Amino acid sequence: MEKLIKIKVEESVFFIKAGAPLSELLRQFPQETKPILFRSNGQLLDLNHPADQERELSLIFPGDPQALEVLRHSAAHLLAHAVTDLFPGIQVGIGPAVENGFYYDFLRPTPFTPEDLEAIEKRMKEIVSLDQPIKRLVVNKEEAISIFQERGQELKLELIQEKGGSEVSLYQQGDFIDFCLGPHLPSTRYIQHFKLLSVSGAYWKGNEKGPQLQRIYGTAFFSQKELEDYLNFLEEAKKRDHRLLGQELELYSTSEDLGGGLVIWHPKGAIIRHEIETFWKEEHLKDGYEFIYSPHIAKLDLWKKSGHTEFYEAMFPPLEFEGFKYQLKPMNCPFHIVAYKSRQRSYRELPLRWAELGTVYRYERSGVLHGLLRVRGFTQDDAHIFCRGEQLEEEIKRVINLAIKLFQAFGFEDYRIYLATRPEKYVGRLEDWDKAEMALEEALKHTGLSYQVDKGEGVFYGPKIDIKIKDAIGRLWQCTTVQLDFNLAERFDLSYVGEDGSFHRPYMIHRALLGSMERFFGVLIEHYKGSFPLWLAPVQMIILPIADRHEAYAKKIQEVFKAQGLRVQVDYSREKVNKKIRQAELQKIPLMAIVGDKEVSNDSLSLRIHGRGDLGQVSLKDLLPRVKELVENKSLQINL
RNA sequence: GCCAGCGUAGCUCAGCCGGUAGAGCAGCUGAUUUGUAAUCAGCGGGUCGGGGGUUCGAAUCCCUUCGCUGGCUCCA
């Protein structure tokens, strides 16, 4: 007598032979119902998962976010399948689904070429059309080992030895077998919409000393449309690349002569930075901050005392002169601490909020440098807050509100907030951590914004809050970090005299809101695709005289606008207006004013807005105050 | 740092199997005086990233060095 197992599927109850594939139950459902996976108790299962225990199943269809991961994981197997077909003897590593697709690592003496990728993709499509079932096998460990030994898959053997239990699950499609927990789609036919994207180096198990593997990246979706949308997104991201726009719009440059990761801000970039900094300073003053300026180097001993020489890896080697060693600063904190310690502090002074646009230097490994986003010399919009325990929550709240206020002015409306709590290894007292974590969380709750708790992800010296901002095409960028520090306060023996007349240790908060000027500028460029809002635009308006007899009038208008602090230029080139307009559009100048005989005669100009075209004649009297208002209000849109 | 790819005029790029460099744009000069995304003509500009080697001859082949780009946490 065979044992029957009770399975509930979407409110209907079935009995099925033990060990039979769950997919048999689907026969009871209408033909057009074609799930790709089951979900049982939150966990995804293969359609052909054997009936092993009483379960409640729900049907998962394409479009489910978890199902997308499965699709991509199956696509990774498909990739490895194709690669092992085409390159016999190749060693396969691991192949998971990742955020935007999947990858698979291979060990092979010669690198893959772009032609190889094409051939692999072609082979993948062939396997898809073969509609090979993807089967789950459960075998004991010894059997699994012999299977991969036979196939000469040393890397897989290593993984099985390390991770496999007494029973091991394998997935097979055609001749290809992989050591894998699953789940997977029922057959290769389900993987229709995919593309291989790139190949790169990666270390076996992420270990730099281990063998270097070749990683093939790809992406996969349930529909062709989603795939195309994603590929278009990649194209769009390329067009927004701040390194290209930075050059085209003459915002900044880097040079071999300087060395990697060192940025020169050109006048057009510098004026934007000036606007950012001015705004930043005003808002900080309003919010009760005071400013600090500190030097770029300090005696090495300061960094020994702070612990940076011991724990901080990204320091440049020290300089030595007059018998002392000096260190280029990787952080601003010790300077602010020295200022704090310049005299005895009273509880009456706290909180102290000390801000500095502090330029720091970090020895980032050459391979990780990237445009403005990862550099070696950069200016943090840093501040340190020294406060008492009971002020903590209020201070954190203020910091978050200030960060949001700044971001909104720059047109970022969508944020992701993360609270990272005490890691396993930490310094400081447990009760301080608990108190601090509670203060951080309370502050977050008060802001009314949603946040995510990353348990155990804090830094060793304190819990922190990170904020990522979402740009115009949905990418997230880490900018803000707010960190409690129990370490430096201790190391420098910070204190204040309390109401009770005895010494107390202040709480110290590090915070950077925009992150760094360089990074934030890079993000801004990509967010706006180089078309900055009026208040930030390096040139806010350009006047285009039609013929040279209109130049005097153009100059007159320019002077009127300049007198109001607006950045206005005149195009004196002896070109046709068409050409001048084209140049101005390419330079992404927000406002263009065409002036010819008509305009001279009635004291007006013909206005054109970048990307929007001709708006017709406007009188100078009307336009000037309106433009000024848009700039002063930091309007993100030009509504005239 | 490691793996891979790339490095030719200010920019974007062409130069096949070695025969000592070319286009477009930009720049300069001149003509044109122009009405909403490129007027025409002429000129100048490169020791082909640096160094070394092979060769009668190297941008092209080899070695080396520098720089840039992509990637190097995400459990089978």
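In what follows, chains are A, B, ... by sequence order, proteins preceding strands, each numbered from 1. No experiment lies behind these values; they were computed from the predicted model shown.
- With 3.5 Å as the limit, one finds a donor-acceptor pair spanning the side chains of Q66(A) and R39(A).
- Where G95(A) and G371(A) meet RNA chain B, the nucleotide closest to each residue was compared, and G371(A) sits on the side nearer the 5' end.
- Rounded to an integer number of Å, the gap from CZ of R374(A) to C1' of C68(B) is 17 Å.
- Between G18(B) and G57(B), the distance separating the two C1' atoms is 8 Å to the nearest Å.
- The stretch residues 593-608 of chain A participates, sequence neighbours left out, in these salt bridge (charged side-chain N to carboxylate O under 4.0 Å, His left out) pairs: R549(A)-D597(A), K556(A)-D603(A), E585(A)-R608(A).
- Rounded to an integer number of Å, the gap from CG of L234(A) to P of G71(B) is 11 Å.
- Ring pair F311(A)/F460(A): centre-to-centre distance below 6.0 Å.
- As the counterpart of G67(B), C6(B) is assigned, both hydrogen-bonding distances of the Watson-Crick or G-U wobble pattern falling under 3.5 Å.
- Computed from coordinates, the D241(A) CG to U12(B) P distance equals 12 Å when rounded to whole Å.
- Applying the salt bridge (Lys or Arg N to Asp or Glu O under 4.0 Å) criterion to D614(A), with sequence neighbours excluded, gives no partner residue.
- Comparing the C1' positions of C6(B) and U65(B) gives an interatomic distance of 16 Å, to the nearest angstrom.
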Inset, instruction - Summarise protein proximity over nucleotides 30-40 of chain B in one line of letters, 5' to 3': B for base, S for sugar-phosphate only, - for none, counting protein heavy atoms closer than 4.0 Å. - result: --BBBBBBBB-
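- If you take CG of L373(A) and C1' of C68(B), they are 15 Å apart, rounded to a whole angstrom.
- In this structure the side chain of Q558(A) never reaches within 4.5 angstrom of the side chain of Y553(A), judged on heavy atoms.
- Q247(A) places its CD atom 14 Å from the C1' atom of U69(B), with the value rounded to the nearest Å.
- Within the 4.0 angstrom heavy-atom criterion, base atoms lie near V368(A).
- The gap from the C1' atom of G42(B) to that of G52(B) amounts to 42 Å, rounded to the nearest Å.
- Judged by Watson-Crick or G-U wobble contacts below 3.5 Å, the nucleotide C72(B) has G1(B) as its partner.
- Taking atom P in both C40(B) and G35(B), one finds a spacing of 15 Å when rounded to whole Å.
- Side-chain polar atoms of Y171(A) and D46(A) form a donor-acceptor pair below 3.5 angstrom.
- A31(B) and U39(B) make up a base pair, with Watson-Crick or G-U wobble contacts both under 3.5 Å.
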Short N/O separations, protein against nucleotides 3-10 of chain B, under 3.5 angstrom:
residue: C3(B); atom: O4'; partner: Q212(A); partner atom: OE1; Å: 3.1
residue: C3(B); atom: O4'; partner: Q212(A); partner atom: NE2; Å: 3.3

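- For the C1' atoms, the distance from C68(B) to G49(B) is 10 Å, rounded to whole Å.
- Nucleotide U12(B): paired with A23(B) (Watson-Crick or G-U wobble, both distances less than 3.5 Å).
- Using a 3.5 Å distance cut-off with no hydrogens or angles, the side chains of N602(A) and Q617(A) do pair a donor with an acceptor.
- No hydrogens or angles considered: nothing links the side chains of Q569(A) and D571(A) as a donor-acceptor pair under 3.5 Å.
- Across all strands shown, G57(B) has no partner, as no Watson-Crick or G-U wobble contact with both distances under 3.5 Å is found.
- Between C66(B) and U39(B), the distance separating the two C1' atoms is 44 Å to the nearest Å.
- In this entry the distance linking CG of L181(A) with P of C74(B) reads 15 Å, nearest Å.
- Partners of L181(A) by side-chain contact (heavy atoms from CB on, under 4.5 Å), not counting sequence neighbours, listed by chain and number: S169(A).
- Remark: H73(A) pairs with H77(A), H184(A) by the ring-ring contact (aromatic ring centres under 6.0 Å, His included) rule, at least two apart or across chains.
- Atom CD in E158(A) sits about 17 Å away from atom P in C75(B), given to the nearest Å.
- Atom NZ of K156(A) and atom C1' of C75(B) are 11 Å apart (whole Å).
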